[in-house]
Amino acid sequence: MDYISTRGKAAALDFEGVTLAGLASDGGLYVPRSWPKFTQAEIAAMAGLPYVDLAVRIMAPYVAGSLTEEELHGLCQAAYGRFSHKAVTPLAQLDETNWLLELFHGPTLAFKDVALQLLGHMFERFLNNRDTHLTIIGATSGDTGSAAIDAVAGREKVDIFMLHPDGRVSDVQRRQMTTVLAPNVHNIAIDGSFDDAQAMVKRMFGDPDFAGKFTLSAVNSINWARLMAQIVYYFAAALQLGAPHRPVAFSVPTGNFGDVFAGYVASRMGLPIARLVVATNVNDILHRALSAGDYSAGSVTATAAPSMDIQVSSNFERLLFDLEGRDGALTAARMQGFESSKAMQLTSQMRTGADGIFTSARVDPEEMGIAMRKAWDDAGQVLDPHTAIGLGAAHRLQEEGTLDRSIPCVTLATAHPSKFRDAVERATGLRPRLPARVGDLFEREERFDKLAGDYTTVRDYIAARAVPAKG
Ligand SMILES: Cc1ncc(COP(=O)(O)O)c(C=O)c1O
Ligand SMILES: N[C@@H](CCOP(=O)(O)O)C(=O)O
């Protein structure tokens, strides 16, 4: 399998190449040259497979040429062996229509672990044969940071620099990052929003004076390997609910459009997905884009679901590229226009393509609180605020008749409620306890630096500490 850039200019790379590169050299995002497809019979034959075996089936076509199936199996076993639930991503039933897909049983209690635990092992495997030191730079609104740090802390030949918006992540999220004291982990709190941090990371990849000195890689969902690993749980959930003989809908709390794009890829691979609900909070650029064609970024509002406080959704570029006939020059021109004006109108071709599978909804704080209370009262489930936004959207669309109640709807439970104890307590009166694996979080020492949110300060800070590329 080889991978091409959404902006058409960067050289095609194999899986190992895109995993290590993170972002394409032309500023675009890598996508497989074509989507691997499974027949309905092949999907039916996946029913009942243990998670690791299913993961190998789904991901094998994407890693072909870089990893054997046996190697992939070993990496998946190592990654998913650290999850606290045997099923890795179990389903919980809420009522006759609605289910939760629990994606928070990994070491840092959010869905990011599903991909990042695997990515940590992949980095190690690919660096084994190279005389290279990898410098990972990432931006986080709270969950990617801790999951990536857990995945690479203490590994040889890797340093990680993680930028988070100062004061805009929960105390549990911050401590999950800043209490990891391994010498290869560098936490930076910047003045600004997640969007500011993400823009700086992308700029560093395209800055020849900086990027030329280091071997840079990414752990955000701009890295294809992240999305690839997230496709698996759409198959896992749908198979349990009767796929491929019965279609399933998914409601996905969305920020950077990575998780829901993985669902889109699952449908392109042949999984019968009835609808993908793109659920946003008040930072609703994706809802405006999908419902009215208006992809224009405002400033970011801080909310009780901080991981979704995002206005520039990186992976939307992958969707636009796919919907517009995979024309790199066209996507490059559109994205450059968006980067300068912060606005883009979706074309009718894009909107028709997106309407075929996506429905969007913006969920305000009141509706989020109602979804949390209802899940507790009706099903004894404590939801985190992000999951509540996904479920709130599903409920509203079912009530309106936009989502067919006869089709099972799976809301992605993207984080454990204890990561957002204050918000959960405000909405429900319940204060979730931290699971035992992070029980001593508030006794641990913290280490991080605070920096002004300007590009040069952050770049120079990293340049002074990163290990130059070798080989
Ligand atoms: C808990 C949680 N839910 C939802 C999201 C949104 O996911 P995505 O950015 O892939 O759209 C994030 C962060 O991205 C998150 O951390
Ligand atoms: N919510 C994310 C934001 C970054 O998203 P990513 O999936 O592109 O890494 C976070 O928790 O950091």
Side-chain angles (χ1 to χ4, degrees), residues 22-23 29 101-104 106 108-116 119 136-149 151 160 162-165 168-170 172-174 176-177 187 193-199 201-202 218-227 229-231 233 250-265 276-281 283 285-287 300 303-319 358 360 363 368 383-391 393 411-420 423-424:
L23 192 66
L29 307 183
L101 180 59
E102 295 181 355
L103 300 174
F104 49 70
T108 69
L109 314 175
F111 78 97
K112 312 286 180 166
D113 288 321
V114 177
L116 282 161
L119 189 55
I136 295 171
I137 45 177
T140 185
S141 53
D143 293 320
T144 293
S146 54
I149 287 169
I160 183 163
M162 187 52 66
L163 278 56
H164 72 265
R168 296 196 193 197
V169 299
S170 77
V172 173
Q173 286 180 309
R174 189 192 69 249
Q176 283 183 310
M177 297 188 274
N187 276 295
S193 66
F194 169 80
D195 281 2
D196 299 326
Q198 178 167 248
V201 167
K202 287 186 178 167
V219 283
N220 283 107
S221 54
I222 54 178
N223 191 322
W224 165 256
R226 278 276 314 274
L227 298 191
Q230 291 173 211
I231 300 166
Y233 49 68
F250 289 89
S251 182
V252 188
T254 310
N256 227 1
F257 204 72
D259 213 2
V260 75
F261 187 76
Y264 170 79
V265 176
L276 287 168
V277 176
V278 175
T280 75
N281 64 16
N283 296 295
I285 181 170
L286 289 166
H287 172 57
V300 179
T303 73
S307 302
M308 287 160 64
D309 292 346
I310 297 175
Q311 284 281 6
V312 178
S313 299
S314 292
N315 289 289
F316 206 54
E317 177 168 345
R318 285 185 162 117
L319 179 69
F358 295 105
S360 68
V363 173
M368 179 190 84
L383 306 184
D384 98 282
H386 307 78
T387 306
I389 286 171
L391 187 61
T411 294
L412 271 51
T414 48
H416 192 278
S418 66
K419 293 191 91 162
F420 307 95
V424 175

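Start at 1 and go down the list; that is how both ligands and their atoms are numbered. Sequence positions, counted from 1, serve as the residue numbers for this chain.
For ligand 2, the polar-atom distance check finds no N/O of Gln198 at less than 3.5 Å from any of the ligand's N/O atoms. On a distance-only criterion, Asn315 and ligand 2 share no N/O pair closer than 3.5 Å.
The only member of Thr414, Thr144, Asp259 that meets side chain to side chain donor-acceptor pair (under 3.5 Å) when paired with Lys112 is Thr144.
A donor atom on one side chain and an acceptor atom on the other are not found under 3.5 Å apart for Ser221 and Gln230. Using modelled atom types and a 3.5 Å distance limit, the side chains of Ser314 and Lys202 yield a donor-acceptor pair.
A donor-acceptor pair is defined here as one N or O able to donate and one able to accept, closer than 3.5 Å; such a pair exists between the side chain of Lys419 and the backbone of Thr108. With hydrogens and angles ignored, the 3.5 Å screen pairs a side-chain donor or acceptor of Arg318 with a backbone N or O of Ile222. Using modelled atom types, one side-chain atom of Asn223 and one backbone atom of Ala218 make a donor-acceptor pair closer than 3.5 Å. Between the side chain of Ser146 and the backbone N or O of Gln176 there is no donor-acceptor pair closer than 3.5 Å. Using modelled atom types, one side-chain atom of Asn187 and one backbone atom of Met177 make a donor-acceptor pair closer than 3.5 Å. Remark: side-chain polar atoms of Asp384 are paired, donor with acceptor, to backbone N or O of His386 under 3.5 angstrom. Of the possible polar contacts, one joining the Asp195 side chain to the Val312 backbone as a donor-acceptor pair under 3.5 Å is found. Side chain of Arg226 to backbone of Leu116: no donor-acceptor contact under 3.5 angstrom is found.
At the shortest separation from atom 3 (C) of ligand 2 among protein heavy atoms lies Ser141 OG, 3.2 Å. Counting only heavy atoms of the protein, atom 12 (O) of ligand 2 lies nearest to Thr140 OG1, 2.6 Å. Here the heavy atom of the protein found nearest to atom 11 (O) of ligand 2 is Asp143 N, 2.7 Å. The shortest contact between atom 8 (O) of ligand 2 and any protein heavy atom is with Ser221 OG, 2.5 Å. At the shortest separation from atom 5 (O) of ligand 2 among protein heavy atoms lies Lys112 NZ, 3.4 Å.
Among Asn223, Thr144, Thr108, Asp195, the residue whose heavy atom sits closest to atom 9 (O) of ligand 2 is Thr144.
The aromatic rings of Phe257 and Phe316 sit perpendicular to each other, their planes meeting at more than 60°, with 30° as the lower class boundary.
In summary, the atoms of ligand 2 found under 4.0 Å from a heavy atom of Ile310, numbered by their order in the structure, are 3 (C). Per-residue contacts place Gly142 under 4.0 angstrom from the following atoms of ligand 2 (heavy atoms of the residue considered): 10 (C), 11 (O), 12 (O). Of all atoms in ligand 2, numbered sequentially from 1 with element shown, those under 4.0 Å from a heavy atom of Asn256 are 4 (C), 5 (O), 6 (P), 8 (O). With ligand atoms numbered from 1 in the order given, ligand 2 contributes 6 (P), 7 (O), 9 (O) to contacts under 4.0 Å with heavy atoms of Arg226. For ligand 2, the atoms lying closer than 4.0 Å to a non-hydrogen atom of Phe194 are 3 (C), 4 (C).
If you take OG1 on Thr254 and CG on Asn283, they are separated by 12.5 Å, rounding to the nearest 0.5 Å.
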As a test of reading the model: which N/O atoms of the protein lie under 3.5 Å from N/O atoms of ligand 1, and at what distance?
| unit_1 | atom_1 | unit_2 | atom_2 | d |
| --- | --- | --- | --- | --- |
| ligand 1 | 3 (N) | Thr414 | OG1 | 2.8 |
| ligand 1 | 9 (O) | Asn256 | N | 2.6 |
| ligand 1 | 10 (O) | Gly258 | N | 3.3 |
| ligand 1 | 10 (O) | Asp259 | N | 2.9 |
| ligand 1 | 11 (O) | Gly255 | N | 2.7 |
| ligand 1 | 11 (O) | Asn256 | N | 3.2 |
| ligand 1 | 11 (O) | Phe257 | N | 3.1 |
| ligand 1 | 14 (O) | Lys112 | NZ | 2.7 |
| ligand 1 | 16 (O) | Asp143 | OD2 | 2.5 |
| ligand 1 | 16 (O) | Ser307 | OG | 3.4 |

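No part of Asp259 comes within 4.0 Å of ligand 2, judged by heavy-atom distances.
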